[in-house]
Amino acid sequence: MIHEIPCTPGGAGRWTQTTVLDGVTFQLTFDWLERLGRWCLHIADGEGVAIRTGALLNVNTPLLRGVVDARRPAGELVVADRTGREDADPGYADLGARFALLYFDAAELGR
């Protein structure tokens, strides 16, 4: 199944949220990198220990590609453009609006 992860900045340039993926609790931290004009995602386990840091939120790019840590989410995270244009990556006010963070769970990927 594909799940949309709520992640609306609400004017904040950094926030951490607890999210359950495939029945496991993770901490997702979103950082606005002013210098790059881009959002960055850090993924930690339920205790706050880093699994993946510094993933730039690019449209249609698997954010967990290459992560071999056994604690990683079993599925895959991908940013999708709701308009279908796919001509940009999420800007400061676009995350959670034009762009959605999607989680393809393990069953969806046949894992």
### Query
Should the pair D87-R98 be classified as a salt bridge under the 4.0 Å nitrogen-to-oxygen rule?
yes

#### Entry: Positive for side-chain contact (heavy atoms from CB on, under 4.5 Å) with L28, one of L41, T16, T18
L41

### Query
Which heavy-atom pair separates A74 from D22 by the least distance, and what is that distance?
CB-OD2, 3.8 Å

### In one Ile/Leu/Val/Met/Phe/Trp/Tyr side-chain cluster, 4.5 Å: F99, L101
yes

### Query
Below 4.5 Å, heavy atoms only, C-beta onward: do I43 and T29 meet side chain to side chain?
no

### Query
Does L56 reach the side chain of L33, with side-chain heavy atoms less than 4.5 Å apart?
yes

### Donor-acceptor contact below 3.5 Å, side chain T83 vs main chain R85
yes

### Side chain proximity check, P73 to L64, heavy atoms < 4.5 angstrom
yes

### Task
Kindly indicate whether the side chain of L57, heavy atoms from C-beta on, has any atom under 4.5 Å from the side chain of C40.
no

### Message
Against I51, only a single residue in H42, Q27, R71 fulfils side-chain contact (heavy atoms from CB on, under 4.5 Å); can you say which?
### Response
R71

### Summary
Residues at least two apart in sequence or cross-chain that pass side chain to side chain donor-acceptor pair (under 3.5 Å) with R14, listed by chain then number, are D31

### Message
Using side-chain heavy atoms (C-beta onward) and a distance below 4.5 Å, is I2 in contact with E108?
### Response
yes

#### Entry: Over 12 foreign heavy atoms within 6.0 Å of CD, E86
yes

#### Entry: Salt-bridge present (R82, E4; N to O < 4.0 Å)
yes

### L63 side chain near R52 side chain, heavy-atom distance below 4.5 Å
no

### Closest contact, heavy atoms only, V79 versus P90
CG1-CG, 3.8 Å

### Message
I want to check something: taking the side chain as every heavy atom from C-beta on, are W39 and P9 in contact at a cut-off of under 4.5 Å?
### Response
yes

### Task
Please check if the side chain of R72 supplies one atom and the backbone of G75 the other of a donor-acceptor pair under 3.5 Å.
yes

### Message
Parallel, tilted or perpendicular: which one describes the rings of W15 and F30, with boundaries at 30° and 60°?
### Response
parallel

